[in-house]
There are 4 protein chains.
Amino acid sequence: MTMSDMIDTLRHDEKMTPKQIEILKAAIELISEKGYYNTSTSEIAERAGVAEGTIFRHYRTKKDLLIKIVKPVITDFSASFFAEQFVHQVFREKYGHFEDLLYAFIKNRFEFAQSNVPLIKILLQELAFHPEIQTAYKRAFSEKVYPALNQAIDFYKQKGELRDLPNETIIRMVVPSVLGFMMTRFILKPDQNWDDEAEIKQTITVIMGGVGGT
Amino acid sequence: MTMSDMIDTLRHDEKMTPKQIEILKAAIELISEKGYYNTSTSEIAERAGVAEGTIFRHYRTKKDLLIKIVKPVITDFSASFFAEQFVHQVFREKYGHFEDLLYAFIKNRFEFAQSNVPLIKILLQELAFHPEIQTAYKRAFSEKVYPALNQAIDFYKQKGELRDLPNETIIRMVVPSVLGFMMTRFILKPDQNWDDEAEIKQTITVIMGGVGGT
Amino acid sequence: MTMSDMIDTLRHDEKMTPKQIEILKAAIELISEKGYYNTSTSEIAERAGVAEGTIFRHYRTKKDLLIKIVKPVITDFSASFFAEQFVHQVFREKYGHFEDLLYAFIKNRFEFAQSNVPLIKILLQELAFHPEIQTAYKRAFSEKVYPALNQAIDFYKQKGELRDLPNETIIRMVVPSVLGFMMTRFILKPDQNWDDEAEIKQTITVIMGGVGGT
Amino acid sequence: MTMSDMIDTLRHDEKMTPKQIEILKAAIELISEKGYYNTSTSEIAERAGVAEGTIFRHYRTKKDLLIKIVKPVITDFSASFFAEQFVHQVFREKYGHFEDLLYAFIKNRFEFAQSNVPLIKILLQELAFHPEIQTAYKRAFSEKVYPALNQAIDFYKQKGELRDLPNETIIRMVVPSVLGFMMTRFILKPDQNWDDEAEIKQTITVIMGGVGGT
DNA sequence: CATGAATGAGAATTCATTCAT
DNA sequence: TATGAATGAATTCTCATTCAT
């Protein structure tokens, strides 16, 4: 079940009461549909089948609730893949070619996105308005994502698998392409009939070879 | 001056009083900085040097003010370049190669973006929350932008300048790349020292040839 | 034309500009439809085809406008019929029987009401809320209507045409009956097909002889 | 105590908090004195000794508060007397003569009016301005009051106790007479020394036999 | 832990009235 | 005399947060 997957994403250490879980569920649904400022705590309480006061037993403020929803997404998105396994596997030549790495990367993030659409929607929508989220985001990117990407790009450049472009430029090419695909897939046209495997492969082809004719 | 450029973007037909212009300026500044829901009409009035009631003489509701700010951006962004000149010039072989078209296109939108950063920030930030804006956006895209891109892509495919990929895929490659560049340039890192000309050319190179090594 | 009749009712001494007449017309229409508090001066101005400021050139305040509309109605309603002709005619035996007087009275007020429905609606609706109107009303009633009725009732009592009831009681019978008929006729069911002459006569019959069987 | 009688009239099903009762009391007092549009929610809150926001926890809008005050009056006024007992008792010959029925009817409504003066004032004053109230009123009259009156009138006509007049005419005679008496008694001159029993009897006499001399 | 009534600061909006032109 | 932009006080309503039970 998607919702309990997401709750897993959010539950790191603590034991949650059933009510707390209901609150999280309700908040995620409502905020992802209507946005943080269009969702009142009383609505959340109602949908969660909980008294309004109960929300504030578990989350100091409404913003705190938002942060508790969004931060784990950032952490997971950046940490899970990179950090531990990613770089090491690259250098252990698990991914012989850059395409292979890219495929594993997209595949992994694709699945994460798939089971966390509402959470990611919330993250993208609210990022612009909450400094707390921006800080967490920047930190995760500069500490985890960027260094990992950097190392990997350097590695494959040396192997001649990547053109001799500034790493920044390569990232600015790869990341929007992948994000663009996923946003189209999950947010803009989620109901279209998608052949995901084919789309992923095509995305990789284009990233590697561009759109230019031979 | 940037601000009066923007006011020009917004002023289509009517005569505005000086106070009305002040209101628009203040609203654009505040909303682009803090978002629509974090900006109160009393703040706007204060910054505009105007009584709060004055806002509502000119804009029926706060939302109406937002729409009046955002809609012209959509219209301008989609209409100005495309529609009239764009397609005709393509077929008159003004742009011999797809790269040339791409260059002209990026250049043009780059300049538009440059003098309308706050307006575009507002558009991007609020798009998710206001159905009125979404409607205008979708319509502009499907009626103006998409058909024009489609025709151009078909044209250059025939000439062998573009790979035989689905048009959708090409668009999903080109658009995010260009947007990604502009967002980095104007929103994420506006203060970095940019060699715009070089960046644009590099973006085109990568779009055409991908990131893969020879 | 009904509306110019009403304007006549309101125009006592002064010369009005065309704009002033338009303002009165618009105010009467709107206030009688929606009530004083639901009608804004801007609406009145708009319907009158006049700038908002113009209203305040002619009427010091919005309330002043209301008073200028309502007071003449009170004056006319009470003064026109009574005072001069009424009592004198009674004693000159113009009306041999009370029924004749009642008929002349109802007929006369009926016609007045007929050509002043909106004004009377306004009077009745706003009477409860504006002390200024109440004062004018009470004064008119106690100075003009009541004394005249009193004299007439005494006169016909002496002639044996009226039962020996307290005058108050007789008034409390006659006035509501007449008002009840007129309100039904003009306000509650104005669209029903009415045989006015027959209704008036029947009203008189019942006032005189009650509803009891023989 | 009059006020708690009225609260009883309004409290049908639900449990009210003490504050809610204070709000109702304050609203009834103020609105009956000054009218709905001249009474602000902040005044009501102040007199009720309650925060303004508290009003809106219990009544969605200011209008909702008005409706919750006025509707039960309509319901009670029309329902209580009629429907159940009224018609049945008529046919069980409880009221041998029409006068007896009239007496019971006036007496009953008199007592209701006596303990609900403010509520009735509000009803009469606001009826003209709120379609919601009009609808409730019309429905109550056409579904409850009118059919009952109709049956009773037919019944007494057959018995020869009422003249052979159209029922409408009889109603248009009886109702305004009774209302006229009550309005004079409770609203226009509540402070006069009244011998209520005598007045009621006299009203009946006049309704039955008219004002005409023998 | 949970409740839900109560709060009160602030938000958007209305509108009669003024005044420079 | 007429205009209409501007005002600002007042109004209704929202909502995150508190707290006694």
Side-chain angles (χ1 to χ4, degrees), chain A residues 17-20 22-23 36-46 48-66, chain B residues 15-20 22-23 37-45 48-65, chain C residues 17-20 23 36-46 48-65, chain D residues 15-20 22-23 37-45 48-65:
Chain A
T17 70
K19 303 241 166 192
Q20 197 170 353
E22 289 310 310
I23 291 170
Y36 177 77
Y37 291 107
N38 288 315
T39 303
S40 68
T41 50
S42 70
E43 273 177 295
I44 296 172
E46 192 185 28
V50 149
E52 217 174 335
T54 308
I55 293 176
F56 293 91
R57 300 229 126 246
H58 296 290
Y59 304 94
R60 280 181 12 269
T61 63
K62 187 188 171 192
K63 191 131 198 177
D64 182 43
L65 173 58
L66 176 67
Chain B
K15 305 97 197 127
M16 291 194 203
T17 71
K19 302 245 168 187
Q20 195 171 357
E22 289 310 309
I23 290 168
Y37 291 107
N38 288 314
T39 303
S40 69
T41 51
S42 71
E43 276 176 293
I44 296 172
V50 150
E52 204 172 348
T54 306
I55 293 176
F56 294 92
R57 286 216 118 243
H58 295 292
Y59 304 95
R60 286 187 356 279
T61 61
K62 188 188 169 193
K63 188 103 161 213
D64 183 44
L65 172 58
Chain C
T17 71
K19 302 241 169 194
Q20 198 169 354
I23 291 170
Y36 177 77
Y37 291 107
N38 287 316
T39 303
S40 68
T41 51
S42 71
E43 274 176 294
I44 295 172
E46 193 185 24
V50 149
E52 216 174 335
T54 307
I55 293 177
F56 293 90
R57 300 232 126 242
H58 295 290
Y59 305 94
R60 284 185 5 273
T61 64
K62 187 189 172 193
K63 190 126 192 183
D64 183 43
L65 173 58
Chain D
K15 305 100 198 123
M16 291 193 203
T17 71
K19 302 243 168 193
Q20 195 170 356
E22 290 309 309
I23 290 169
Y37 292 108
N38 286 315
T39 304
S40 70
T41 52
S42 71
E43 277 177 291
I44 295 173
V50 148
E52 203 171 349
T54 307
I55 293 176
F56 294 92
R57 287 215 118 242
H58 295 291
Y59 304 95
R60 285 181 4 273
T61 63
K62 188 189 169 192
K63 188 103 162 213
D64 183 44
L65 173 57

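In this text, all values refer to a predicted model and were calculated from it rather than measured experimentally. We name chains A, B, ... by the order of the sequence lines, and we start the count at 1 in each one.
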Separation of atom NZ in D:Lys62 from atom P in E:dT14, rounded to whole Å: 15 Å
A:Tyr36 side chain to A:Lys63 backbone, donor-acceptor under 3.5 Å: yes
Distance in angstrom units between C:Leu65 CG and E:dC15 C1', rounded: 15 Å
Rounded distance [0.5 Å steps], CD1 in A:Ile23 versus NE2 in A:His58: 5.0 Å
Separation of atom OH in C:Tyr37 from atom C1' in E:dA16, rounded to whole Å: 13 Å
Separation of A:Arg57 CZ from A:Thr54 OG1 (nearest 0.5 Å): 8.0 Å
Along DNA chain F (nearest heavy atom to each residue), the more 5'-positioned of A:Arg60 and C:Arg57: C:Arg57
Atom pair distance, as rounded to whole Å: OH in C:Tyr59 and C1' in E:dC15: 20 Å
For the student: nearest non-hydrogen atoms of B:Ala45 and B:Ile55, plus distance: N-CD1, 3.8 Å
Pair A:Ile44-A:Leu65, side-chain contact (heavy atoms from CB on, under 4.5 Å): steps then yes or no: CA-CA 11 Å; A:Ile44 296 172; A:Leu65 173 58; 4.1 Å; yes
Exercise: identify the closest heavy-atom pair between D:Tyr37 and D:Lys62: CA-NZ, 4.3 Å
A:Ile44 CD1 to E:dT3 P, straight-line distance once rounded to whole Å: 15 Å
Start and end of the DNA chain F segment that chain C contacts, any atom under 4.0 Å from a heavy atom: F:dA2 to F:dG4
Distance, rounded to the nearest Å, where C:Glu46 contributes CD and E:dT14 contributes P: 14 Å
No-hydrogen, no-angle side-chain donor-acceptor test under 3.5 Å, A:Ser42 and A:Glu52: no
Whichever of B:Thr61 and D:Thr17 has its nearest DNA chain E nucleotide further upstream toward 5': D:Thr17
Rounded interatomic separation in angstrom, taking CZ from A:Phe56 and P from E:dT7: 18 Å
Separation of B:Phe56 CZ from B:Thr41 OG1 (nearest 0.5 Å): 4.0 Å
Considering all heavy atoms, the nearest A:Glu43-A:Asn38 contact: OE1-O, 3.6 Å
Pairwise C1' distance for E:dC1 and F:dT21, with rounding to whole Å: 13 Å
N or O in side chain of C:Thr41 less than 4.0 angstrom from E:dC15 OP1/OP2: no
5′-ward residue of the pair B:Glu52/A:Thr39 relative to DNA chain F: B:Glu52
Secondary-structure stems for DNA chain E, with pairs counted as Watson-Crick or G-U when both distances are under 3.5 Å and runs at least 3 long: E:2-21 with F:2-21
Residue-phosphate contact under 4.0 Å: D:Lys19 side-chain N/O, E:dT7 OP1/OP2: yes
Nearest-angstrom distance from the residue atom CG of D:Asn38 to C1' of E:dA16: 14 Å
5′-ward residue of the pair B:Ser40/D:Ala51 relative to DNA chain E: D:Ala51
Set of salt bridge (Lys or Arg N to Asp or Glu O under 4.0 Å) partners for A:Glu22, sequence neighbours left out: A:Lys25
Distance below 4.0 Å between A:His58 side-chain N/O and E:dA2 OP1 or OP2: yes
Phosphate OP1/OP2 of E:dC15: any C:Ser42 side-chain N/O under 4.0 Å: no
